[in-house]
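Let me begin by presenting the structure, written as C-alpha cells, before commenting on it.
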Amino acid sequence: MAAKKNVCIIGSGNWGSAIAKIVGANAKELDSFEDRVTMYVYEEMIEGKKLTEIINETHENVKYLPGHKIPENVVAVPDVVAAAKHADILIFVVPHQFIRKLCSSLLGKIKPTAVGLSLIKGFDKKEGGGIELISHIIAKKLNISMSVLMGANLASEVADEMFCETTIGCKDKVIGYILRDIIQTSYFRVVVVQDVASVECCGALKNIVACGAGFVDGLGLGDNTKAAVIRLGLMEMIKFVDIFFPGGNLSTFFESCGVADLITTCYGGRNRKVSEAYVKTGKSIEDLEKEMLNGQKLQGPITAEEVNYMLKLKNMEARFPLFTAIHRICTRDLEPTDLIDCIRTHPEHMDDGEKSQNTHLSSPRCHL
C-alpha cells in the first residue's frame, strides 16, 4: 500500500485560507492523504494575539477570511521550514513578490521527492532581462516538479461554496490527478490539462486586463466599453503567450483559467475594484491598496509593469497597446480617460491597409 501523502499550504491570505478549507476537508476524507495539513502563516499580531494562535484555537482566519471555519486538521505554523519539511505536496499561494525569499528559506529543507502546485498569479523579472513564470522560479530554486492551478475562482465565493471550475496545468497526468483529488469538491470542479505555461500566463495576464475594466467602471463608461476591453485583452493575452511562451494550445484559453477567469476578474476582483477607485478618488494605487485590501496585495499593476519591462526590452509595446496603456495609466504617464483613445485605435480595429500605414497608435496621447 502506498504511503499517505502529507500536504502543506504555503500562504494564508484569503485565497490560501479558502483553499485550506477544501484541502483540509479532502485530506480528512481521503485515505491517500494524511489527515494533518500544515499551513504556513506569516505571523501577525491581531488585537494583541498571534494570528497563528487565533487560527489554531478558533479555526478561523479572522483577518483574511473572517466568518469561515477552517477544518480542525489544518494547523497554522509560523515557520515555513517547519510547515513544509515533511510535505509530499507543497501548495504555494503567496503574493508573487515574496516567492524568491521563501524558496531561499526552503532550499535543502524539503523532501527531494516533493511536488509543488502554484496558485500564484504573476511574473517576476529575470536577472539579466526578460520575465519568468513563478512556477519556473520555484522549480529551479527547489529542484522540484511544479504544476499550476488557475481559474475563475474568487476566493470569497469559493469559501462560500458557490459552484465554480478551475484548471490544473500539469505535464504529468498521474501527478495531475493526485493534485485534482486533494483540490476537487462537488462545488469546485477541476479540469487537468498539460499546457502548463498557458494556464499560468492566463492567471497573470488577466489581472492587467482587470485594471483596464476597473478604469472603465471608474469613468462610468458601461458594459459595452468593458466588453471591448475584455475582448482586446483576451487577444493580447493569446498573442503574448504565443510570442513569449510558444507551444501551447489555443483551447487552453477557453478553459476556466482563460476566458472564464478573465470575465469574473473584470467584474468582481480586487484589481477591478481598486482600479475603479483609482479613477474616482485620484489617490495612488499604493494608498488604495492599504485602505481597501486589508493587508492583501494587488497584482495587476505589478504584473503590468513586469510585462511592460519585457515588451520594452523587445521593442514590442506597439504590438500590445492595451497592456501598455494600462501600465502607463497605473504609473500616471497617461490619464484614465486616454484609455478610450488607446482601444479605439487598437490594431484589432484596423483593416490590413490601415495597419500598414499605422506602425504605432494614431492618438498622440497613446503614441508608443
Please step through side chain to side chain contact (heavy atoms under 4.5 Å, CB included) for the pair Phe33 and Asp181, ending with a clear verdict. CA-CA 10 Å; Phe33 298 95; Asp181 287 346; 4.2 Å; yes
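- Residues Ile340 and Ile230 are members of one and the same hydrophobic cluster, defined by side-chain heavy-atom contacts under 4.5 angstrom among Ile, Leu, Val, Met, Phe, Trp and Tyr.
- For Asp172 (side chain) and Val174 (main-chain N/O), a donor-acceptor pair under 3.5 Å exists by modelled atom type.
- Between Lys28 and Asp35 there is no salt bridge, since no side-chain nitrogen of the basic residue lies less than 4.0 Å from a carboxylate oxygen of the acidic one.
- Between the side chain of Asp124 and the backbone N or O of Ile134, no donor-acceptor pair lies under 3.5 Å.
- Contact between Ser135 and Met146 at its shortest, heavy atoms only, is O-CG, 3.5 Å.
- Looking at residues two or more places apart in sequence or on another chain, you find no salt bridge (charged side-chain N to carboxylate O under 4.0 Å, His left out) involving Glu165.
- For the residue pair Thr303 / Asn207, no side-chain donor-acceptor distance below 3.5 Å is found, with atom types taken as modelled.
- A salt bridge links Lys140 and Glu132; the closest N-O separation between the charged side-chain nitrogens and carboxylate oxygens is under 4.0 Å.
- Judged by distance alone, with hydrogens and angles left aside, the side-chain atoms of Asn26 form a donor-acceptor pair with the main-chain N or O of Ile182 at under 3.5 Å.
- For Ser12 (side chain) and Val41 (main-chain N/O), no donor-acceptor pair under 3.5 Å exists by modelled atom type.
- Using modelled atom types, no side-chain atom of Asn249 and backbone atom of Thr252 make a donor-acceptor pair closer than 3.5 Å.
- Within the structure, every pair that satisfies the salt bridge (Lys or Arg N to Asp or Glu O under 4.0 Å) test and touches residues 284-300, not counting sequence neighbours, is listed here: Lys283-Glu291.
- Around the CG atom of Asn143, the shell of radius 6.0 Å holds no more than 12 heavy atoms that belong to other residues, nucleotides or ligands.
- Few gaps surround CD on Glu43; more than 12 heavy atoms of other groups in view lie less than 6.0 Å from it.
- Here Thr52 contributes atom OG1 and Glu57 contributes atom CD; the two are 9.0 Å apart, rounded to the nearest 0.5 Å.
- The aromatic rings of Phe320 and Phe323 sit parallel, their planes meeting at an angle under 30°, below the 60° perpendicular limit.
- Of all non-hydrogen atoms in Ala76 and Asn56, the two that sit nearest each other are N-OD1, 2.8 Å.
- Using a 4.5 Å cut-off on side-chain heavy atoms (C-beta onward), Lys141 and Leu107 make no contact.
- Thr345 places a side-chain N or O within donor-acceptor distance of the main-chain N or O of Asp341, the cut-off being under 3.5 Å.
- Using a 4.5 Å heavy-atom threshold, the side chains of Ser118 and Ser147 count as separate.
- The pair Glu44-Lys49 fails the salt-bridge criterion, with no side-chain N (NZ, NE, NH1 or NH2) lying under 4.0 Å from an Asp/Glu carboxylate O.
- At distances below 3.5 Å, at least one donor-acceptor pair connects side-chain atoms of Asp338 with backbone N or O atoms of Glu335.
- A pairwise comparison of heavy atoms in Lys21 and Ile70 identifies CG-CA, 4.4 Å as the closest pair.
- Here the side chains of Val37 and Asn6 are not in contact, with every heavy-atom distance at 4.5 Å or above.
- Rounded to the nearest 0.5 angstrom, Leu149 CG and Cys257 SG are separated by 9.5 Å.
- Scanning both residues, Ser284 and Tyr278, for their nearest heavy atoms gives C-CD1, 4.3 Å.
- Counting heavy atoms from C-beta on, the side chains of Val148 and Leu133 never come closer than 4.5 Å.
- Open room surrounds NZ on Lys273; 12 or fewer heavy atoms of other groups in view lie less than 6.0 Å from it.
- In this structure a side-chain-to-backbone donor-acceptor pair under 3.5 Å is present from Asn73 to Gly24.
- More than 12 heavy atoms of other residues, nucleotides or ligands shown are found within 6.0 angstrom of NZ on Lys69.
- Contact between Asp88 and Lys5 at its shortest, heavy atoms only, is OD2-CA, 3.4 Å.
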Where do Thr225 and Ile343 land on the side chain to side chain contact (heavy atoms under 4.5 Å, CB included) test, with the steps shown first? CA-CA 9 Å; Thr225 307; Ile343 61 175; 4.3 Å; yes
Using a 3.5 Å cut-off and no angle test, enumerate the donor-acceptor pairs between side-chain atoms of residues 210-224 and protein atoms at least two apart in sequence or in another chain.
unit_1: Asp217; atom_1: OD1; unit_2: Lys226; atom_2: NZ; d: 3.3
unit_1: Asp217; atom_1: OD2; unit_2: Lys226; atom_2: NZ; d: 2.9
unit_1: Asp217; atom_1: OD2; unit_2: Arg272; atom_2: NH1; d: 2.8

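- Both Leu117 and Val7 belong to a single network of hydrophobic side chains, linked directly or stepwise wherever heavy atoms of I, L, V, M, F, W or Y lie under 4.5 Å apart.
- Distance CD/Glu305 to NZ/Lys312: 9.5 Å, rounded to 0.5 Å.
- The structure places CG of Leu298 at 9.0 Å from CG of Leu288, a figure rounded to the nearest 0.5 Å.
- Note on Leu250 and Ile243: same hydrophobic cluster, where clusters join Ile, Leu, Val, Met, Phe, Trp and Tyr whose side-chain heavy atoms are under 4.5 Å apart, directly or indirectly.
- Side-chain atoms of Glu161 and His68 form no donor-acceptor pair, as typed in the model, at a separation below 3.5 Å.
- Tyr187 is not listed as a side-chain neighbour of Cys164, based on a closest heavy-atom distance of 4.5 Å or more.
- Lys125 approaches Arg100 most closely through the heavy-atom pair O-NH2, 3.3 Å.
- We find that Asp333 and Arg328 are joined by a salt bridge, their nearest charged nitrogen and carboxylate oxygen being less than 4.0 Å apart.
- The hydrophobic clustering, which links ILVMFWY residues whose side-chain heavy atoms are closer than 4.5 Å, places Val259 and Phe245 together.
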Can Ile120 and Phe98 be said to form a side chain to side chain contact (heavy atoms under 4.5 Å, CB included), step by step? CA-CA 10 Å; Ile120 302 170; Phe98 302 134; over 6 Å; no
Show the numbers, then the answer: is there a side chain to side chain contact (heavy atoms under 4.5 Å, CB included) between Thr324 and Asn308? CA-CA 6 Å; Thr324 302; Asn308 187 254; 4.0 Å; yes
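- Remark: Phe253 CZ to Asp261 CG distance equals 12.5 Å, nearest 0.5 Å.
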Between His96 and Gln299, is the side chain to side chain donor-acceptor pair (under 3.5 Å) condition met? List the steps. CA-CA 8 Å; His96 77 273; Gln299 298 301 318; 2.5 Å; yes
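- Around CD of Glu53, the count of heavy atoms belonging to other residues, nucleotides or ligands within 6.0 Å exceeds 12.
- Remark: the backbone N or O of His327 is paired with a side-chain donor or acceptor of Thr331 at under 3.5 angstrom.
- Ile10 contributes atom CD1, which lies 8.0 Å from atom CD1 of Ile138 (distance to the nearest 0.5 angstrom).
- For the pair Phe244/Leu311, a side-chain contact is recorded, criterion being any heavy-atom separation below 4.5 Å from C-beta on.
- Counting only heavy atoms from C-beta outward, the side chains of Leu205 and Phe123 approach each other to under 4.5 Å.
- Of the possible polar contacts, one joining the Asp79 side chain to the Val81 backbone as a donor-acceptor pair under 3.5 Å is found.
- Linking Ile, Leu, Val, Met, Phe, Trp and Tyr whenever their side-chain heavy atoms come within less than 4.5 Å leaves Met235 and Phe254 in two separate clusters.
- Around NZ of Lys239, the count of heavy atoms belonging to other residues, nucleotides or ligands within 6.0 Å exceeds 12.
- For the pair Ile110 and Ile144, the minimum side-chain heavy-atom distance is below 4.5 Å.
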